[in-house]
Amino acid sequence: MEFVIVWTMVELLFALILIVALGFVSAVFFEAYRRKNNNAHVEAPAIFEDPKSLKQVRCPSIFDPAEKYISLIVPAFNEELRLPGALEETMNYLQQRATKDKSFSYEVVIVDDGSVDETKRVAFEFVKKYSVDNVRVILLGKNHGKGEAIRKGMLHSRGELLLMLDADGATKVNDAEKLENQIHAAAKEEYKFGDSSASNSSFRISDIPIAAFGSRAHLEEKALATRKWHRNFLMKGFHLVVLLAAGPGIRDTQCGFKMFTRAAARKLFTNIRLNRWCFDVELVYLCKWFRIRMIEISVNWSEIPGSKWKASTPY
């Protein structure tokens, strides 16, 4: 009798997982069809405003040549309390690198996803402090979801490398160097760096499509030991849904710390369709679809209270 009950529960679990996986795939195709037949998603040219001079600054496009070495895209929704500390730490790190390496250039793009608190004011204080050339703010007006906020930031960034990171500072910004170093190594390998038939002078990191995924998979064992069984059950179920929807390759799709070369970002974020938390899974799917090389790198991570993004942590 107990065996029959357990077997029935297993069957129900697999049925539920298949339904969720089919729902994910259906959502992607539905959104693609909706956008194809509805021009409402076509965006007007975006403009940055310099809060000091109130002059309008042209918003760049991902199709323009890179003007900075790295862009950091920070989606923010009602983050007036956590954003200042994370941004101050980020700016200190970037300025230190720029002081040591005169060729290092950067920008931070804050995307306010329809916040109703003082996030906009906090963001513009950093623009005033560090200039509109180094810190820029995109206002979405209303809440669209984390996926859309990141997409918008990616499409209007100037970096050769583009890093998305959460506004809470859960992953320390200096871990960007781990992803950066792995991308450089992979790009040189892709380009056959050192081959006598290839000109090293023509090598540009921005032209090689590579995606680096920050990962907390190394923390899974500790999480399993400390979390309640039902959360572990849901976590494993989510992993199975990801496996069915996007295939193997990336263990932690939901970590908010990811880096892309400009070529990869151009291909991925002009084709992504999901606006909210499951967009991470779609990124993995698109990388495979476009044969963009993926790398998963362990990063340091700590849980920060007060998350505004729902269902973003599988561990």
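In what follows, every heavy atom counts, from backbone to side chain, and hydrogens, waters and symmetry copies are set aside.
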In sequence, state the C-alpha distance, the side-chain angles, and the governing distance for C255 and V299, and then conclude on side-chain contact (heavy atoms from CB on, under 4.5 Å). CA-CA 9 Å; C255 182; V299 295; 4.2 Å; yes
Applying side-chain contact (heavy atoms from CB on, under 4.5 Å), run through M294 and V284 and close with a yes or a no. CA-CA 8 Å; M294 295 184 291; V284 176; 4.0 Å; yes
Determine, step by step, whether V74 and L83 satisfy the side-chain contact (heavy atoms from CB on, under 4.5 Å) criterion, reporting the C-alpha distance in whole Å, the side-chain angles of both residues, the deciding distance to 0.1 Å, and the verdict. CA-CA 9 Å; V74 183; L83 188 62; 4.2 Å; yes
Salt bridge (Lys or Arg N to Asp or Glu O under 4.0 Å), that's the test. Do E160 and K68 meet it? Break it down for me. CA-CA 6 Å; E160 292 186 69; K68 300 281 188 178; over 6 Å; no
L162/I62 under side-chain contact (heavy atoms from CB on, under 4.5 Å): CA gap, chis, key distance, verdict: CA-CA 10 Å; L162 297 91; I62 192 67; 4.1 Å; yes
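Residues I73 and L165 fail the side-chain proximity criterion, which asks for heavy atoms closer than 4.5 Å. With a 4.5 Å cut-off on side-chain heavy atoms, K172 and E89 count as touching. Using a 4.5 Å cut-off on side-chain heavy atoms (C-beta onward), I272 and L283 make contact. Counting heavy atoms from C-beta on, the side chains of H184 and T261 never come closer than 4.5 Å. Residues Y106 and N134 form a side-chain contact, since some pair of their non-hydrogen atoms from C-beta on lies under 4.5 Å apart.
Annotation for I110 and A123: closest pair CD1-CB, 3.9 Å, computed over non-hydrogen atoms. Closest non-hydrogen pair, T270 versus R266, comes out as OG1-O, 2.6 Å. Shortest non-hydrogen contact noted between L94 and V108 is CD1-CG2, 3.6 Å. Contact record, S157 with V109: OG-CG2, 3.8 Å, taken as the closest heavy-atom pair. A pairwise comparison of heavy atoms in K152 and L140 identifies CG-CD2, 3.7 Å as the closest pair. The minimum heavy-atom distance linking I210 with I183 is given by the pair CD1-O, 3.7 Å.
The closest side-chain donor-acceptor pair between E107 and S71 falls under 3.5 angstrom. A side-chain donor-acceptor contact under 3.5 Å links D112 and S115. Between the side chains of E177 and Y93, a donor-acceptor pair is found at a separation under 3.5 Å. For the residue pair S131 / D133, no side-chain donor-acceptor distance below 3.5 Å is found, with atom types taken as modelled. No hydrogens or angles considered: a donor-acceptor pair under 3.5 Å links the side chains of E296 and S215.
Every ring-ring contact (aromatic ring centres under 6.0 Å, His included) that F104 has, sequence neighbours left out, goes to Y69. Residues meeting the ring-ring contact (aromatic ring centres under 6.0 Å, His included) test with F126, sequence neighbours left out: none.
Judged by distance alone, with hydrogens and angles left aside, the side-chain atoms of N275 form no donor-acceptor pair with the main-chain N or O of G145 at under 3.5 Å. R151 contributes no side-chain N or O that, together with a main-chain N or O of G147, makes up a donor-acceptor pair within less than 3.5 Å. Remark: side-chain polar atoms of N78 are paired, donor with acceptor, to backbone N or O of V116 under 3.5 angstrom. Remark: the backbone N or O of D168 is not paired with any side-chain donor or acceptor of D166 at under 3.5 angstrom. Side-chain atoms of D64 come within 3.5 Å of backbone N or O of S61 as a donor-acceptor pair.
The structure places CE of M259 at 9.0 Å from CG of N181, a figure rounded to the nearest 0.5 Å. A distance of 10.0 Å separates OH of Y130 from OG1 of T90, quoted to the nearest 0.5 Å. With rounding to the nearest 0.5 angstrom, the CG atom of L87 is 12.0 Å from the CZ atom of R82. L161 CG to L179 CG: the interatomic distance, rounded to the nearest 0.5 Å, is 10.0 Å. Annotation: the span from E118 atom CD to F124 atom CZ amounts to 12.5 Å, rounded to 0.5 Å. Within the model, atoms CD1 of I297 and CD1 of I295 stand 5.5 Å from one another, a figure rounded to the nearest 0.5 Å.
Within 6.0 Å of the NZ atom in K120, the count of heavy atoms belonging to other residues, nucleotides or ligands does not exceed 12. Residue-environment remark: CZ (R291) stays at or below the threshold of 12 foreign heavy atoms within 6.0 Å.
With respect to D113 and K142, no salt bridge is recorded, no charged nitrogen being found less than 4.0 Å from a carboxylate O. Salt-bridge check for R273 with E282: failed, with every basic side-chain N at 4.0 Å or more from each acidic carboxylate O. The residues K129 and E125 are annotated as not salt-bridged, no charged nitrogen and carboxylate oxygen being separated by less than 4.0 angstrom.
Aromatic ring centroids of F257 and F213 lie 6.0 Å or more apart.
W289 and I208 fall within a single hydrophobic cluster, where Ile, Leu, Val, Met, Phe, Trp and Tyr side chains are chained together by heavy-atom contacts under 4.5 Å.
In this structure, K267 forms a cation-pi arrangement with F290, its terminal cationic atom sitting closer than 6.0 Å to the ring centre and no more than 45° off the ring axis.
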